[in-house]
Number of protein chains: 2
Amino acid sequence: MARTSEEKILEAAQRIFTRFGYEGARMQQIADEAEVNKSMLHYYFRSKKKLFEEVYRDAVVKLMPQLLNLLNADLPLEEKIPKLVRRYITLMRDHPRLPGFIIQELHQNREEWLNFMDNLDFGKPKKFLEQVRRNQEQGKIVKIEPRQLLINILSLCVFPFAAQPMIKYMLKMDDAEFENFLDVRVESLSTFILNAITP
Amino acid sequence: MARTSEEKILEAAQRIFTRFGYEGARMQQIADEAEVNKSMLHYYFRSKKKLFEEVYRDAVVKLMPQLLNLLNADLPLEEKIPKLVRRYITLMRDHPRLPGFIIQELHQNREEWLNFMDNLDFGKPKKFLEQVRRNQEQGKIVKIEPRQLLINILSLCVFPFAAQPMIKYMLKMDDAEFENFLDVRVESLSTFILNAITP
DNA sequence: GTCTATATAACGATAGAC
DNA sequence: GTCTATCGTTATATAGAC
């Protein structure tokens, strides 16, 4: 309990915003969660919107740069893909609400969101796309549009987290079974993707 | 314009709710979109929540039963998968906001959501999972946990719609380029998946 | 069925004492 | 920095005339 009020508020806001969204979250709810007076939220962050933007920025910074680093790393594809799958799924298991939060929230004001993202500046998967193209020309992997492969890998890793409740429902999994499903998934996915691109 | 007020309201509510979510949507906004008086919303649907539930139910009914039918159809896997990919992506292109809407909204009240879904009763992918297991035993496809394959197919089809803004941003695509990306994707995905599971 | 007017409650935000 | 009290606004919802 050596945390300052500001830290307590920010952590509470992360829990509430990622769960209920910007519109669904209540300042009083965040104050209760942080165990501070509601006025403190305005004292430290001025407005709900500014507090939200801090939370959203933290969420993006937690997931996106690591993804880009893994994608653009200096490794052959057959090593890079299993490593990426393993590391990225591990990362998201620690923050299972972030994928859905990032892709869903704030997309009403497209203009504003684009500006916001540009300011974060977490790079582009350019090196990865070139690597795929090169491997393809050398006949090391099958013919595939590099961006399609990128989105395939991303879809396979991220979707299970974004759609977690629906998946649990459809496959009648409880929390423990879902965790087990993710354990299996790490190995399963690597094999699946490498099979798909091996000539 | 032979539509009744009730129909106009429901269609307007679909546009507003799928775009802004339950908490972000305003009854006045829906009334404006439907070009009716705000009181009519309560006259026909009693409350915001009941109106939302109709919209959410319609959304699920538009996507889920068709998916389950395609999954459980009587077709060999090598025919079923390309057909499923093609038909399901085509369906979602007509309703690009529904995937994100369905997997994100209403998940605060888990208990209530589970009840709601049970009442819709759109079946389970049991037949598909058995088919995969059978194909595997016969050595027609590689060793893979059937549920993993199911989620792989689902992820690859659905995620690009749920994460559309982020994908457009990362790959610097405008609307036209994204549509083109989806055109390519239909063929690309079928090949990708079949490659992945062919021994 | 459709309108205007209004009730009622909740929300974000601020003022000001300490 | 932290609290109480309250302002101003906006939301859902209803009452009642036509």
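Throughout, a chain's letter reflects where its sequence line sits, starting with A, and its residues are numbered from 1. Reckoned from all heavy atoms, side chains included, excluding hydrogens, waters and symmetry mates.
- If you look at B/F17 and B/Y56, their ring centroids are not closer than 6.0 Å.
- Using a 4.0 Å cut-off on heavy atoms, the residues of residues 38-48 of chain B that approach DNA chain D are B/K38, B/S39, B/H42, B/R46, B/S47, B/K48, listed by number.
- Remark: nothing in residues 17-34 of chain B comes within less than 4.0 Å of DNA chain C through any heavy atom.
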* Check step by step if side-chain hydrogen bond (donor to acceptor under 3.5 Å, both in side chains) holds for B/R185 and A/N152. => CA-CA 10 Å; B/R185 188 159 187 79; A/N152 289 356; 2.7 Å; yes
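- Here A/Y22 and B/F20 keep their ring centres 6.0 angstrom or further from each other.
- Checked by atom type, the side-chain pair B/Y43/B/N37 shows no donor-acceptor distance below 3.5 Å.
- Taken to the nearest 0.5 Å, the CG atom of A/L70 stands 11.0 Å off from the CZ atom of A/F128.
- The existence of a salt bridge linking B/R15 and B/E33 is confirmed by a sub-4.0 Å separation between a basic side-chain nitrogen and an acidic carboxylate oxygen.
- Using a 4.0 Å cut-off between a side-chain N of Lys or Arg and a carboxylate O of Asp or Glu, B/K127 and B/E130 do not qualify as a salt bridge.
- The rotation axes computed at either terminus of the helix from C/dG1-D/dC18 to C/dC18-D/dG1 lie 10° apart, taking five pairs at each end and rounding to 10 degrees.
- Taking the six-membered ring for Trp, B/F45 and B/F52 have ring centres at least 6.0 Å apart.
- With rounding to whole Å, B/E35 atom CD is found 12 Å from C/dC3 atom P.
- Taking the ring centre of A/Y169 as origin, the terminal cationic atom of B/K124 falls inside the region bounded by 6.0 Å and 45° from the ring axis.
- Protein atom CG of B/L51 is 11 Å distant from nucleotide atom P of D/dT12, rounded to whole Å.
- Remark: P of C/dG12 and CG of A/N37 are 14 Å apart, rounded to the nearest angstrom.
- Taken together through direct or relayed side-chain contacts under 4.5 Å among Ile, Leu, Val, Met, Phe, Trp and Tyr, A/V184 and A/V186 form parts of separate hydrophobic clusters.
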